[in-house]
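Indexing begins at 1, ligand by ligand and atom by atom, following the structure's order. Values reported hereafter were calculated over all heavy atoms of this structure, with side chains retained and with hydrogens, waters and symmetry mates removed.
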Amino acid sequence: MPRPIHATVHLSALTHNLRQIRQQTRGAKIWSVVKANAYGHGLGRVWPALEETDGFALLDIDEAILLRKQGWEGPILLLEGFFQAQDLALIDQYRLTTVIHCEHQLQMLQHAQLSQPLDIYLKVNSGMHRLGFMPEDLMAAYHSARALPHVGQITLMTHFANADNHLGVEPQLAAFNAACTDISAPRCLANSAAVLWHPHTHADWVRPGIVLYGASPTGRWQDIADANLRPAMSLNSEIIAIQNMATGDAIGYGSRYQANQPQRIGIVACGYADGYPRHAPSGTPVWVNGARTSLLGAVSMDMLAVDLSELPDAQIGTPVELWGQNLPVDDVAQSAGTIGYELLCAVAQRVPVIIR
Ligand SMILES: *Cc1c(COP(=O)(O)O)cnc(C)c1O
């Protein structure tokens with residue numbers, strides 16, 4: 001028998017979440033963001049569950065080629081554009097749409113030889129200061145791109161830094177709108193948080209990522225509890241040993257947890273080499289045999305320990321959910337000082353995946 005750990009990807013949850021987003025963004029087209037191997041869910045196995053989307057957005061040309069080879073014929077957007085002039089040949093061959101976020105990319109585009117018009121997304125730096133043309137440079141960039149015979153449709157794009165917090169989208173929205181006023185072109189602004197909480201930013205195309213996978217843009221599950229989204233991934237394992245600790249006995253590396261009364265403890269086949277966060281402290285929630293209990297002591301490479309004081313029926317072989325449909329990934333992430341995004345993307349290669 002293999003180690004009892006496995007991840008389950010729930011395809012029906014992905015389809016449901018996309019439909020839910022569709023309802024909330026009526027009129028807008030949807031780029032389903034599937035970068036980072038579909039946020040750790042496995043691009044090649046999950047994209048068909050999202051085929052009602054209008055397009056897929058990602059970063060790696062290799063991931064785009066995978067989608068084409070597996071039969072997706074609709075739009076594909078490269079969110080960071082290309083990195084070298086020779087990438088343009090693949091972009092042309094596989095009919096990809098590309099972001100152009102800087103002068104350097106624009107120059108490579110100017111010298112490209114393409115077999116058909118290339119659709120581009122001109123990215124505006126409206127205040128996040130990662131990628132994009134400064135608002136005052138947008139007009140010139142637009143005119144240089146528009147003058148190229150091998151450029152097809154141009155869409156204007158920006159990305160919000162604070163759609164998920166109290167700073168909100170207004171300063172960036174104002175900067176973007178001011179930069180774009182004299183340009184008649186489709187617009188694309190909203191990430192998941194803006195899809196949920198800033199409907200006036202939906203425009204022509206939206207770019208939801210994390211909500212497709214049923215986790216929260218804020219990292220707090222309560223913030224999406226009423227959004228009718230379903231977790232698309234569960235990480236499950238089993239108890240593989242029971243320890244009956246006496247008062248004063250310690251558990252795991254560094255003896256970080258010590259029993260202050262006799263205590264029954266379960267050892268679970270899941271560790272940081274599976275993608276479970278090593279920094280999760282004692283008290284992090286774990287779902288065991290239908291109830292929430294607590295992680296105890298340090299997470300090791302292949303194992304972690306849970307409290308079974310209130311779970312007398314738990315035995316070797318008892319099922320454990322590290323996160324999923326009973327325990328939101330955001331709750332685990334929050335306890336470990338991170339966000340669900342990071343945990344989903346970090347599920348290790350060695351964890352077998354079951355598709356439901
Ligand atoms: C990752 C990404 C998104 C999706 O973000 P979520 O918070 O997961 O919705 C949208 N747009 C761009 C440019 C991105 O890089």
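In summary, the side chains of D307 and S294 do not present any donor paired with an acceptor at a separation below 3.5 Å, with no hydrogens or angles considered. A donor atom on one side chain and an acceptor atom on the other are not found under 3.5 Å apart for H101 and N125. A donor and an acceptor atom, one from each side chain of D330 and S216, are nowhere located under 3.5 Å apart.
At a 3.5 angstrom cut-off on N or O pairs, K35 counts as close to ligand 1. Taking distance alone, with nitrogen or oxygen atoms compared against 3.5 Å, Y341 approaches ligand 1 more closely than that limit. Remark: ligand 1 and R207 share an N or O pair separated by less than 3.5 Å (distance only, no angle test). The shortest N or O to N or O distance between G209 and ligand 1 is under 3.5 Å.
In this structure, the protein non-hydrogen atom closest to atom 12 (C) of ligand 1 is H159 CE1, 3.4 Å. For atom 9 (O) of ligand 1, the closest non-hydrogen atom on the protein side is S192 OG, 2.5 Å.
Formation of a donor-acceptor pair under 3.5 Å by the R68 side chain with backbone atoms of Y94 is found in this model. Looking only at distances, a side-chain donor or acceptor of N17 sits under 3.5 Å from a matching main-chain atom of R230.
Listed by number with element, the atoms of ligand 1 under 4.0 Å from a non-hydrogen atom of I210 are 6 (P), 8 (O), 9 (O).
Residues that satisfy the ring pair (Phe, Tyr, Trp, His ring centres under 6.0 Å) test with Y213, not counting sequence neighbours, are Y39, H41.
For the ligand labelled ligand 1, residue Y39 lies inside the 4.0 Å heavy-atom shell.
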